[in-house]
Each structure stands twice: as structure tokens, then as C-alpha cells.
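Reviewing the structure listed below.
Naming: A, B, ... by sequence-line order, numbering from 1 per chain.
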Amino acid sequence: MNKKTLLVTFFTALVLSTLAPAAWAFEAEFGWLPPNLNPEYGGEVDQLYYHIMILVGIIFFLTEGMLLLSIVLFRARPGRRASYSHGNTKAEILWSIVPAIILVWLALHQKSTWWKAKMQFPDAKTHPDLVEVQAFPEQFQWNFRYPGPDGQFATADDFVTVNELHVPVNRLVLIRMTGKDVIHSLFVPFARVKQDAVPGMLTKAWFKIDRIPCWDLKDQKLKLLTEEEFRKARVALSGFAFSGEPVDSKGNPVAKGQLWPGMKKYSYSPTKSKRFKVIDQGTMAEVAREDAGDLGLKLHVLEIACAELCGLGHYKMRAEMTVETAEMYEAWLRSKADEKAQYGPGKEERERFQAIWDKFHPDYNRK
Amino acid sequence: MSAEKHSEHHESGGEHLPAEATGFFRKYILTYDHKVIGKQYLFTAFFFLLVGGGLAMLIRWQMAYPNQPVPVIGELMKGRFVFTPDGSIAPEGFIQLTTMHGTLMIFFVIIPILVGAFGNFLIPLHVGARDVAFPFLNALSYWLYLPAALIIFASFFVPQGPAAAGWTSYSPLSNLSGATPGSGWGQTLWLMAIFLLGFSSILGGLNFLVTIVKLRAPGLTWGRLPLVTWSQTVTAVFQLLATPVLASATCLLLADKLIGSTFFLPAHVHLADTDMSPTGGGAVLLWQHIFWFYSHPAVYILVLPGMGIASDLISTFARKPIFGYRAMVWSMVGIMGLGFIVWGHHMFVSGMNPVMGMTFMTATMLIALPSGVKVFNWLGTLWGANIRFAPPMLHALSFVSMFIIGGLSGLFMAATPVDIHIHDTYYIVAHFHYVVFGGTLFAIFGGLIFWFPKMFGRMMNEFWSKVHWAITFVAFNCVFFPMHILGEGGHMRRIATPTEYEWLQPLQPINVFISHSAFVLGAAQLIFLANFFYSMFWGKKAEGNPWQSNTLEWTQPSPIPYYNYDKIPVVHHGPYEYSLEHANGRGDWLPQNEPVAGNGSSGHGSK
Ligand code: HEM
Ligand SMILES: [Cu+2]
Ligand SMILES: [Cu+2]
């Protein structure tokens with residue numbers, strides 16, 4: 001190897017070797033994808049993402065490497081002359097066929113995940129414990145309707161929540177939606193869910209959440225606990241306990257209906273102030289610790305956003321999803337039934353469901 | 001007029017040509033000269049580049065410092081346009097900024113420069129003609145573009161401001177005047193402007209196609225056409241087939257807005273408690289299908305001419321024939337064919353039948369193939385070359401390396417399950433800026449510096465061209481690469497205050513970094529414009545062929561004379577005969593119109 005080739009190789013290696021760690025460091029600093037809490041197909045989505053990342057990474061370094069190498073090796077120098085060539089059919093056939101095979105493989109590789117996510121919806125027959133919710137978003141809020149104790153929509157015991165979705169942990173959830181005014185899009189980044197809600201159409205999204213997000217007040221970090229971990233850590237949750245009957249923080253039973261007046265009471269929201277404060281970066285990356293510790297955990301929420309431009313207030317069309325144990329979920333349903341009797345929040349929206357959805361789209365209620 | 005007849009006509013005497021127009025108005029305003037019309041497009045588009053760029057700066061300010069007063073501009077514009085009385089950007093006005101930024105850049109900057117400016121200027125030169133086939137239509141298409149541009153500009157000043165439904169203008173948001181302020185007058189003007197622009201495009205495409213088919217100089221076979229012109233051919237076909245679809249879509253939406261039809265409204269769309277479409281009968285997704293049936297091809301209209309420019313620049317400055325000329329042409333044709341059947345990849349989660357999602361996914365994977373072939377062939381061209389790093393080449397090389405990144409990110413989005421997560425996030429924004437800014441805009445810069453001598457008879461300053469390139473290249477990557485990370489982190493596009501979402505807060509430092517880089521990127525473009533206009537008047541005088549390039553325009557003096565060619569040239573071989581050992585006494589190049597002395601061969605690429 002002469003000095004020049006050495007220099008060139010060194011230079012190229014330098015550029016390539018700084019690019020990769022730089023990208024890596026950037027990623028590691030801010031986290032790759034947000035944590036995935038949807039075991040049904042979210043993991044597969046992520047896996048596919050990483051497979052493509054590897055594939056694309058290889059192609060990236062090969063092509064950009066070739067480019068850099070050519071730039072260095074074949075720069076004009078006095079007395080040099082380019083080679084006179086119009087191409088090489090063999091090479092061209094090779095670099096058409098190989099990518100073609102890779103692309104067809106990639107196309108086939110993703111089929112099953114797509115089918116699962118967008119076509120194989122669970123139904124109440126095969127999954128009796130399926131949680132069914134209707135979403136009827138409007139400018140600029142998320143209206144969710146629960147069927148109430150009878151399990152049927154468009155009946156008197158339905159109740160409607162605004163920007164508030166509750167789901168029990170480890171149960172399948174199916175959301176049916178349609179648009180009221182413009183297109184909105186249900187986006188749950190932590191569950192790899194995105195589905196437009198379109199006026200005049202019924203669309204569906206389904207998922208399961210297998211962790212309960214808790215805010216660790218000591219570390220100022222999001223912790224994602226499995227149901228088991230959560231149950232062990234229950235004494236640490238301030239404001240409530242859940243041993244079958246609802247009790248307050250001191251363990252005294254509380255009357256139904258007072259326990260869950262709304263999320264705000266127990267949701268920690270560092271986001272309310274106008275000026276942002278950057279919270280710990282671990283928020284994105286941190287997942288459950290084996291032992292959540294005994295103190296200072298608060299039940300946290302997962303955020304839901306609207307991903308489709310829907311007007312002026314698009315940016316603030318934010319809803320919160322509470323993931324909880326079956327008992328907590330039941331208690332919440334009961335409290336909602338009471339609230340409804342008192343014409344609590346969601347009354348207007350409930351009427352809107354009846355006046356628009358049930359009147360004009362009764363077929364969207366059919367299962 | 002066939003190519004032969006055309007040249008006969010010439011040989012019977014150049015004196016039959018009408019005299020050159022004199023007087024400022026005839027020469028620069030109401031002209032039929034394709035070169036001047038090209039410049040008209042260029043300067044109009046420059047103006048909108050500045051406006052669109054300014055909007056981008058405001059967008060980036062808001063993303064980094066939500067709801068904080070904008071320095072200087074906020075002070076000046078307090079309470080006007082999208083500004084609040086304290087000079088910050090109202091979150092409510094933010095989507096007007098993004099909508100108008102996208103609209104201006106795509107419809108009024110990139111397409112007019114690529115097709116209007118480069119197409120007009122280069123096609124007649126490259127085919128060895130004196131003008132386009134229909135000079136009047138050519139002028140007409142500019143005079144449709146200009147009112148369209150004025151209409152869209154006027155929409156900034158109407159009550160409630162410009163359109164706010166995204167450059168994609170999805171119904172019902174764009175359809176119902178009450179859905180969002182800009183959906184009133186702003187959206188109506190938007191549609192009228194796009195409709196007019198569509199006509200301009202159709203006339204332009206028709207004209208170019210006829211010119212290329214009919215006016216090629218003797219000896220200029222399809223296999224000898226420069227790739228720039230090939231790319232314009234394919235683009236013209238795209239425009240002819242796709243633009244009428246957009247024009248009809250805008251007509252239908254206008255009808256919905258103005259005379260109460262409901263093509264894109266199903267029954268019982270409600271705003272608050274009012275039923276806006278008691279009868280309905282339309283479909284929301286119909287707009288998306290029609291819009292993307294045009295706009296996916298349109299994104300290729302946005303890049304194909306850029307590919308052509310890059311191919312010419314690379315071959316010239318690599319001093320090497322283009323690698324696999326035929327494959328380069330066929331891959332463009334392939335892109336065009338496939339480009340018409342992939343539109344559904346914008347609609348994977350729109351509610352479109354997921355089975356169709358699979359079909360569109362497969363077609364989209366396939367379209368990556370011809371794009372890949374082009375990249376490999378550019379790399380093949382560079383291998384074994386003798387590369388001169390003149391400013392146009394720096395831009396062309398940047399085009400290739402940035403296009404690779406943009407194409408590769410396309411694969412993630414083409415994968416339907418992955419697209420569930422990244423659709424409508426900054427990942428998309430990263431993707432298309434890599435192809436459109438990283439790809440096309442670099443090609444435009446390169447092309448402008450390259451053909452500047454032919455346009456204005458002077459050279460652009462090399463040093464400042466290089467400074468502009470270097471800052472742009474670095475800042476561009478600092479702006480758009482991190483957007484991939486925002487996107488996979490789930491950062492929605494078109495939201496005014498990312499900091500309201502908790503899971504986006506950790507990403508906020510990236511937003512700040514991007515914005516600072518964007519301000520640098522924006523400022524760097526002023527260097528280019530200053531260099532451009534300074535050089536136009538005071539640049540170094542250019543010789544006929546400063547880059548030692550082969551295509552026909554370089555056989556003429558700089559700037560190109562009024563009738564391009566006094567004598568229609570006769571073409572003897574392909575445009576990329578660099579580094580051929582020949583007896584003509586030229587170093588490593590061989591003009592297309594020069595037979596190789598001695599051996600009687602007309603050189604390679606003669607098919
Ligand atoms: C390798 C080739 C390419 C592939 C596989 C590809 C794939 C895609 C896909 C799947 C989307 C939709 C993503 C989504 O909204 O979720 C998209 C969006 C887009 N692509 Fe590409 N693309 C490619 C090349 C290009 C090129 C060459 C251009 C333009 C010059 C381009 C411009 C755009 C634009 C402007 C959008 C976004 C439109 C919007 O939603 O505002 N793409 N691309
Ligand atoms: Cu929305
Ligand atoms: Cu597309």
C-alpha cells in the first residue's frame with residue numbers, strides 16, 4: 001500500500017466511523033422508538049422497523065461509502081484521465097436483481113403484521129372480555145363512549161368521557177370510530193396505534209396495553225410496571241388503594257362516585273405551564289424496574305394525540321389514557337354510572353352521540 | 001414540422017427569421033423567447049422562494065420557542081397576519097404557515113424552476129432548435145402561472161388569512177368554510193390558483209413534449225438525447241396525464257365550496273351542532289384518492305428533472321460517460337409507470353381498505369427499484385472518473401448522497417406496519433425534505449451555477465458558490481436529519497406547541513437544535529441570491545464553453561444568441577463522450593456536433 005492509498009483509506013474510515021457513532025449517540029441520547037406497551041402487534045412493528053433499519057443501514061454505508069471513496073480516489077489530478085466506459089451490463093443486472101429480491105422479501109415480510117393490526121379485529125364472540133369503546137372526535141376534543149353495564153351501545157346506560165380513555169391492563173380493546181366534523185386521527189404512540197376517524201366511515205383500531213405507567217416522584221421518571229409489579233407496589237400509590245372495595249389513602253372505604261371524579265386528581269401533568277421545562281430524558285427510554293419501591297409512585301397516563309391536521313386547535317387535541325387493573329377499571333365504570341345520573345361532564349357529548357351517531361349511523365353500533 | 005424539414009428550412013437561409021425584438025417590454029415582458037420565459041419563471045420563483053423560506057423561519061421559531069415573541073418580525077407585525085398582539089405566533093395561525101410554506105415551495109417554487117425555468121431554457125438548446133414548438137403557448141403558460149402566483153399571494157391579505165388545511169387540502173377541513181378560518185376566502189383562492197397553475201402545467205407539458213418529439217436536430221436520435229431532456233420528456237408525460245386530474249379535483253372542491261355541491265362531503269357532517277350536508281352523497285376519501293393520484297406523480301415531477309440535471313453535471317465534471325445510459329432512461333420511464341400506481345401509500349391509515357394498503361405497499365417497494373438503479377449508475381459513473389470539484393459538481397454530488405437518504409427513509413414508510421407509527425409525524429417531513437430539498441434544490445443550485453454563463457454570459461463567483469454550498473450542505477443535514485428522530489419518537493407534524501405533550505418534551509432540545517440550524521440554512525441562501533444577482537451584472541465574462549461540456553448549447557457563445565443556433569447543428573454522437581481518445585485535439589471531451597476526425601466513426605452512443 002502506498003502512502004496515498006493509506007491516506008485515502010484512513011480518511012474514508014474516519015468519516016464513516018464518526019458518522020455511525022454520532023448517529024448512534026444521538027439516538028441513544030433521545031431514545032429510539034418510544035416504549036411499546038402493546039404486545040399484540042406493537043412489538044412486531046418495532047421489530048420490522050429495526051429489520052429495515054439494519055437493511056437500510058447496510059445499503060446506506062455501502063452507497064455513501066462508495067460515493068466518498070470515489071470522491072477521494074478519483075479526484076482530478078494533473079495527468080490523470082477518466083476511464084472511458086459506458087457501463088457494465090453484468091453489474092447493472094446484478095444491482096437490479098439483488099435489490100429486487102430484497103424488496104420483494106421486505107414486502108412479504110410485513111404482510112402478517114399489517115393483517116394483524118388492521119384487519120384481524122377481535123370480536124366479542126371470541127373474546128368475551130373485550131373492551132369496546134366508541135370514539136367520536138370533534139374539533140378539538142376526543143369523545144369516548146362506553147356501553148355501560150349492559151354492554152350495548154345506544155342504550156340509556158351509556159356514558160361519554162371527554163379526552164379521557166380508561167382501559168384495563170392486559171385486556172383487548174377495540175375502538176370504533178367515525179368523524180363528526182373533519183378528519184381526526186387517533187394516535188397512541190406508546191401502543192403503535194394510528195387510525196383516522198373519517199366522517200361518513202366507520203374505522204376501527206384495536207390494541208392491548210400490558211404495562212401500567214406510573215410516575216416515580218422521587219426519580220421524576222416514568223415507570224412502566226407489569227400488573228404484578230403494580231399490585232406489589234400498590235401501597236405506594238397515593239390517593240387510593242384497590243383491594244376489591246375502594247378505599248382512601250388511609251385504607252378507609254369511600255363512597256362510590258367520589259373516588260374517580262376525573263383524572264386530574266391523580267394525574268401528574270408537568271405539561272400545564274406555558275413555558276416548557278425539559279424533563280428527564282429517561283422518560284422515553286426507561287422501562288419497568290423489578291421493584292418499584294414503596295414510596296412516591298403515582299398512577300400516570302398515556303397520551304393520545306390527533307395526528308391528522310384538523311383545524312386551529314389541532315395542536316391541543318390531546319387525550320389521556322389511564323391503564324389500570326380490572327378492579328380499578330370496574331370502580332371507575334361504577335363511578336361514571338353515578339356521575340351520569342348526576343349529569344356530570346360528558347352530558348352534552350352524550351347527547352351529541354345520540355343526536356348524530358345513533359340517529360344517522362345506527363349501523364355503526366352493530367357488532 | 002419534422003426535424004429534417006426544420007433544418008432544411010433553416011438552410012434555405014437564416015435571413016427569413018423575424019428580427020430580434022427590441023425595447024424593454026417586448027424583450028423581457030411580452031416575449032416568446034423561450035430563454036426569457038425561462039428567466040421569467042426563475043425570477044418569479046425566486047420571489048416565492050424568499051416568501052416560502054421566510055414562512056419556514058417562522059415555523060421553526062415557533063417549534064423551538066413556542067408562544068414566545070418573534071424577534072424583530074414579531075415586533076413589526078404585532079397583531080397582524082398570524083401574530084398575536086405581543087408579537088408571538090398564534091398557535092391558531094401556525095397551520096396557515098405550514099400550509100402556505102408547503103404550497104408555495106411545491107407549486108410555486110420547485111415545479112416552476114425545474115420545469116418552467118430549466119425546461120424552457122434547456123429543451124430547445126438541447127434538441128438543437130430555435131425555440132419550443134409553440135412559442136405562444138409557452139408565453140401563455142407563464143402568463144397563467146403569474147396570475148396563479150398573484151392569487152396565492154393575495155390570499156395572504158384576505159379576511160381570515162390564507163388557506164390552513166395543509167398543502168394537501170383534505171376535505172372536509174378545506175371544504176367547510178366554518179371548519180377553520182383559512183377555509184373561507186383563503187382556501188377558495190388557493191383552489192383557484194392551483195387550478196390556473198394546472199393549466200399552465202398542461203400547456204407547458206404539451207409544448208415540451210412536442211418540441212422534443214418533433215424538433216430534434218438531424219442526427220439527434222432518442223439515444224443521443226441528454227438525460228436532462230429525457231427527464232423533461234418523462235416529466236412532461238407525467239404532467240399531461242396527472243395534472244388534468246388535479247384540475248378536475250380542484251373544480252369539484254370549488255363547486256363544493258361555492259355552489260353547495262357535496263362531492264367530498266358524506267351526509268351529516270356536523271360543525272358544532274349544525275348539519276352541514278343533510279343530503280351528502282360524497283366521500284371524504286375521494287379527495288385523497290384524486291389528490292394523491294396527481295400528487296404522487298407530482299412528487300416525481302419534483303425530482304425527475306433534478307435527476308436529469310444531476311446526471312449531466314456528474315458526467316461533465318467526472319469527465320466520464322454516464323454509466324448505463326439506457327438504464328438511466330428506462331428507470332425514469334419505470335418511475336413514471338409505477339408512479340401512477342403508488343398513490344395509496346399516503347393513505348395507509350386513512351380508512352382505505354387495508355387490502356389495498358398491501359397492494360400499494362408492494363408497488364411502492366417496487367418503485368424504490370428504479371430509484372436505486374439510478375443511484376447505482378451515478379456511483380458507477382463516478383467510479384474510475386477524474387472528478388473536478390467545481391461548484392456545480394459539489395451540488396450534484398450532494399444531490400446523490402442526499403437522495404440516497406431520502407429514498408431509504410421511503411422504505412420505512414412504505415412498510416405499512418411501520419407507517420402506522422410514523423405516518424403524519426416528522427419522519428415524513430424528514431423524508432420529503434431529503435428528496436426535495438436535499439435532492440432537487442441541490443440540483444437546482446448546481447444547474448443554475450452550471451448554466452449561468454449560458455443564461456447571462458457571466459460566471460457566478462466560484463468562492464462564494466463554494467461557501468454557500470458548504471454551509472447549505474452542513475446546515476441542511478443538521479436541520480433535516482434529526483427530524484427522523486423526532487418522527488420515530490412520535491412527534492406529529494403540523495402541531496404548534498410540541499411542548500404541550502409530555503412524551504415530546506424530552507425531544508424538545510432536538511427542536512431547538514433544528515431551528516438554530518434552520519436559521520443558518522436560511523441565512524446561507526442569501527449568499528446564493530447575492531452571488532447570483534451580483535454576478536448577473538458584474539460577474540466574470542464567460543467564454544463559450546467554460547466547463548468543457550459536450551452538449552449543443554456549449555457550442556454557442558455565452559450568453560446564447562437570440563435564435564440559439566444560426567445554423568441548426570448536426571449531431572454525431574451521444575452527449576457524454578468524455579475521456580474518449582480521439583484525434584480532434586481536444587483534451588477529454590467531444591462536442592455532440594463534432595464528428596470524430598479520421599476514422600469516420602460517429603463515436604459511441606450512436607444508436
Ligand atoms: C424510493 C422511493 C420512495 C419511496 C419508497 C417513498 C415512499 C413514500 C411514502 C410511503 C410516503 C407516505 C408516508 C406517509 O405519509 O405516511 C411518502 C411521502 C412523501 N414522499 Fe416519498 N417515497 C419515495 C421517493 C420520493 C421522492 C423521490 C419524492 C419527491 C421528490 C418524494 C416525496 C414525498 C413527499 C412530498 C411525501 C409527503 C407528502 C405529504 O404527506 O405531505 N418521495 N413517500
Ligand atoms: Cu383532530
Ligand atoms: Cu407518494
When the ring planes of A:W95 and B:F376 are compared, do they come out parallel, tilted or perpendicular, using 30° and 60° as the limits?
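Plane angle between 30° and 60°, so tilted.
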
What class does the angle between the rings of B:H270 and A:F360 fall in, given that below 30° is parallel, 30 to 60° is tilted and above 60° is perpendicular?
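Tilted.
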
Tell me whether B:E500 contacts the main-chain N or O of A:Y315 through its side chain, where contact means a donor paired with an acceptor under 3.5 Å.
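Answer holds: no.
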
Of the listed residues ([options]), which shares the most heavy-atom pairs with chain A below a 4.5 Å separation?
options	answer
B:I404, B:L271, B:T362	B:I404
B:M276, B:H268, B:H423, B:R319	B:H268
B:M361, B:M492, B:R493, B:Q96	B:M361
B:N377, B:T416, B:L176	B:T416
B:A414, B:A415, B:G372	B:A415
B:N175, B:T168, B:D273, B:L265	B:D273

Provide the closest heavy-atom pair for [X] versus [Y] in the form atom of the first, atom of the second, distance.
X	Y	answer
B:Y501	A:A305	CE2-CB, 3.7 Å
A:L312	B:P181	CD1-CD, 3.3 Å
B:G587	A:R81	O-NH2, 3.1 Å
B:G489	A:P34	O-CG, 3.6 Å
B:V373	A:S96	CG2-OG, 3.7 Å
A:A82	B:K320	CB-CB, 4.1 Å

Between [options], who has the most heavy-atom pairs with chain B when the cutoff is under 4.5 Å?
options	result
A:K111, A:K116, A:E138	A:K111
A:H109, A:H314, A:K316	A:H314
A:S85, A:A100, A:G200	A:S85

Which atoms of [X] come close to chain B, meaning under 4.5 Å heavy atom to heavy atom: side chain ones, backbone ones, both, or neither?
X	value
A:T203	side chain
A:V198	side chain
A:D46	neither
A:I71	both
A:A117	side chain
A:E44	neither
A:V193	backbone
A:K204	neither

Side chain from CB out, backbone as N, CA, C, O: work out which of these in B:S171 comes under 4.5 Å of a heavy atom of chain A, or both, or neither.
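It is the backbone, since no side chain atom gets that close.
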
Counting only heavy atoms closer than 4.5 Å, note whether B:A496 contacts chain A via side chain, backbone, both or neither.
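For B:A496, heavy atoms of backbone and side chain both lie under 4.5 Å from chain A.
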
Results of salt bridge (charged side-chain N to carboxylate O under 4.0 Å, His left out) for B:R494 - residues two or more places apart only
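Scan of B:R494 (salt bridge (charged side-chain N to carboxylate O under 4.0 Å, His left out), adjacent residues dropped) gives none.
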
Just wondering, are more than 12 heavy atoms of other shown residues or ligands nearer than 6.0 Å to CH2 in A:W105?
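Count over threshold, so yes.
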
Close side-chain approach of [X] to [Y], heavy-atom, < 4.5 Å:
X	Y	answer
B:V284	A:M201	no
B:M358	A:W115	yes
A:E308	B:L173	no
A:R192	B:P417	no
A:E92	B:F323	yes
A:M119	B:V355	yes

Out of curiosity, A:D196 CG to B:D424 CG, how far, rounded to the nearest 0.5 Å?
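If we round to the nearest 0.5 Å, A:D196:CG and B:D424:CG are 7.0 Å apart.
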
Interatomic distance, A:I102 atom CD1 to B:L369 atom CG [nearest 0.5 angstrom]:
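Rounded to the nearest 0.5 Å, the CD1-CG separation comes to 10.5 Å.
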
Under the criterion side-chain contact (heavy atoms from CB on, under 4.5 Å), I'd like the reasoning laid out for B:V349 against A:K118: C-alpha separation, chi angles, the key distance, then a yes or no.
CA-CA 9 Å; B:V349 299; A:K118 292 291 176 191; 4.1 Å; yes

Partners meeting side chain to side chain contact (heavy atoms under 4.5 Å, CB included) with B:P321 (sequence neighbours left out):
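Only A:Y84, A:H86, B:Y576 meet the side chain to side chain contact (heavy atoms under 4.5 Å, CB included) criterion with B:P321.
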
Give the intermediate values and the outcome of side-chain contact (heavy atoms from CB on, under 4.5 Å) for residues A:E64 and B:I405.
CA-CA 9 Å; A:E64 301 280 3; B:I405 298 179; 3.8 Å; yes

Between A:L302 and B:W503, does the side-chain contact (heavy atoms from CB on, under 4.5 Å) criterion hold? Intermediate values first, please.
CA-CA 9 Å; A:L302 296 177; B:W503 93 89; over 6 Å; no

